[in-house]
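Residue numbers run from 1 in the order of the sequence given.
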Amino acid sequence: MRLLTGLAVLLCLFIIPEEAAAMHIMEGFLPMGWAGFWSIIMLPFLILGIRYINRLVKENPKTILLVAFAGAFTFVMSALKLPSITGSSSHATGMGLGTILFGPTIMVVIGLIVLVFQAVLLAHGGLTTLGANVFSMAIVGPFVTYGFYIVLKKLGAPRWASIFFGAAIGSFATYMVTALQLALAHPSEVGGIYASWIKFVGVFGLTQIPISIIEGILTVMVLNLLYTYSKQEIEGLNIS
C-alpha cells in the first residue's frame, strides 16, 4: 500500500501542464464523419470496461488503489513527450501496466479518463478526436499487449519477457493504428490510403520504436516492484 502511494506521488511530480501537439490526434484534425465513426466504434468496449470495473470493485474493493495507480501511470507516461522530427512530439502510452494487471477492457475506461483530462488540461489530443484516440491507445494497444503477454506466458517465456514484449509491441501497435486513422482521413493524392499510411508509419517508426522499447523496460521494472512489495494488493488478480 505504501509503495503504491509513494509511486503515485512520484509519478505526479512529473506532470508538467503545458500546451502540446502530440501523438494523440489533435482537436479538429479529423473530419467530423471519421471523428463520429471512431466514437461509435469505441462505445461497446467502453461499456464492457465499465461493467468490469463495477464487478472488480464490488468483489475486491481493495483493488481500487491499484486501479488508481494504473491510471496515474498511464496519465504520466502518455503526457511525457519527446521532440519528434514531424514537428509534433512522441511519447509512451503507459497502457501495458494496467493491462497486465487487470486485462484489456478496464484500460478503455482508464484511457478515456486520461485522454479527457489531457485534452482539457494539457491541450494534448482533442475532444472531437477522443473516439479515435481511445480506439488506438486504449483499445488496440491493450488488446495487443494482452494477446502477446498471454501467448508468451503459455509458451513458457520468462515473466519479464512476456511483460516486456507485450508492453512494447502494444505501444507500437497504437501508433500503427494512429497512422491508419490519419491515412483514412487524409489519403495521399498519389497512392491513396496505403501511400499515406506508409508515410505516417515511416515517420512514427523512427521515434516510437525506441520509445516502445523503453516503455517495455519501465513496465517490467514497475511490475517487478509491485510483485515484490505489494503482493497483498495484487493477490486475487489473474496475474503470476
Side-chain angles (χ1 to χ4, degrees), residues 8 11-12 14-15 20 22-27 30 35 37-54 56-57 63-64 66-81 89-149 166-182 204 208 211-212 215-216 218-219 222-223:
L11 288 172
C12 288
F14 286 94
I15 300 174
M23 161 259 163
H24 304 325
I25 300 174
M26 67 181 71
E27 182 69 39
L30 293 180
F37 172 79
W38 293 115
S39 296
I40 293 172
I41 292 294
M42 80 162 181
L43 284 178
F45 296 94
L46 181 61
I47 293 171
L48 289 175
I50 292 172
R51 288 180 176 175
Y52 178 86
I53 289 181
N54 287 335
L56 178 69
V57 174
T63 57
I64 191 65
L66 206 54
V67 173
F69 177 76
F73 183 81
T74 300
F75 185 93
V76 174
M77 290 287 286
S78 59
L80 292 173
K81 60 191 185 304
S89 62
S90 297
H91 57 80
T93 67
M95 304 299 284
L97 179 77
T99 299
I100 292 169
L101 285 173
F102 300 105
T105 54
I106 192 174
M107 299 311 294
V108 184
V109 180
I110 290 176
L112 174 65
I113 295 171
V114 166
L115 287 165
V116 167
F117 273 96
Q118 289 181 348
V120 174
L121 299 179
L122 307 180
H124 186 182
L127 295 178
T128 62
T129 57
L130 189 62
N133 289 327
V134 168
F135 184 81
S136 61
M137 192 180 93
I139 296 175
V140 173
F143 274 90
V144 170
T145 293
Y146 199 66
F148 273 91
Y149 174 70
I169 295 173
S171 173
F172 192 68
T174 294
Y175 283 88
M176 297 300 97
V177 173
T178 299
L180 177 61
Q181 291 170 324
L182 293 172
F204 281 142
Q208 287 310 132
I211 287 177
S212 295
E215 180 170 357
L218 287 175
T219 305
V222 174
L223 278 169

Looking at every non-hydrogen atom in both residues, tell me the closest pair between Met95 and Met137 and how far apart they are. CG-O, 3.3 Å
Can you tell me how far CH2 of Trp38 sits from CD1 of Ile139, rounded to the nearest 0.5 angstrom? 9.5 Å
Looking at Ala132 and Leu30, what are the two nearest heavy atoms and their distance? CB-CD1, 3.6 Å
Show every donor-acceptor pair shorter than 3.5 Å between a side-chain atom in residues 100-122 and any protein atom, with sequence neighbours excluded, or say none if there are none.
from   : atom 1 : to    : atom 2 : distance (Å)
Gln118 : OE1    : His24 : NE2    : 2.9
Gln118 : NE2    : Phe75 : O      : 3.1
Gln118 : NE2    : Ser78 : OG     : 2.8

How far does OG1 of Thr129 sit from CE of Met26, to the nearest 0.5 angstrom? 9.0 Å
Over 60° means perpendicular and under 30° means parallel, so tell me whether Phe45 and Phe135 are parallel, tilted or perpendicular. perpendicular
Which residues pass the side chain to side chain contact (heavy atoms under 4.5 Å, CB included) test with Ala167, sequence neighbours left out? Thr219
Would Met176 and Val140 count as a side chain to side chain contact (heavy atoms under 4.5 Å, CB included) here? Give the steps. CA-CA 10 Å; Met176 297 300 97; Val140 173; over 6 Å; no
What is the distance from atom CD1 of Ile47 to atom CZ of Arg51, rounded to the nearest 0.5 Å? 6.5 Å
Gap between atom CZ of Phe37 and atom CE of Met42 - 0.5 Å precision: 13.0 Å
What are the two closest heavy atoms between Ala92 and Ile211, and how far apart are they? N-CG2, 3.6 Å
So, does Glu27 use its side chain to make a donor-acceptor pair with the main chain of Gly125 at under 3.5 Å? no
Excluding sequence neighbours, so at least two apart, what forms side-chain hydrogen bond (donor to acceptor under 3.5 Å, both in side chains) with Ser212? Ser171
Please assess Thr74 against Leu97 for the test side chain to side chain contact (heavy atoms under 4.5 Å, CB included), listing each intermediate value before the final yes or no. CA-CA 8 Å; Thr74 300; Leu97 179 77; over 6 Å; no
Compare all side-chain heavy atoms of Thr93 with those of Glu215 and state whether any distance is below 4.5 angstrom. yes
For Phe172, which residues count as a ring-ring contact (aromatic ring centres under 6.0 Å, His included) partner, sequence neighbours excluded? none
Would you please name every residue forming a ring-ring contact (aromatic ring centres under 6.0 Å, His included) with Phe148, sequence neighbours left out? none
Determine the minimum heavy-atom distance between Asn133 and Ser136, stating which atoms define it. O-OG, 3.2 Å
Can you tell me how far apart CG (Leu48) and CG (Leu43) are? Round to the nearest 0.5 Å. 11.0 Å
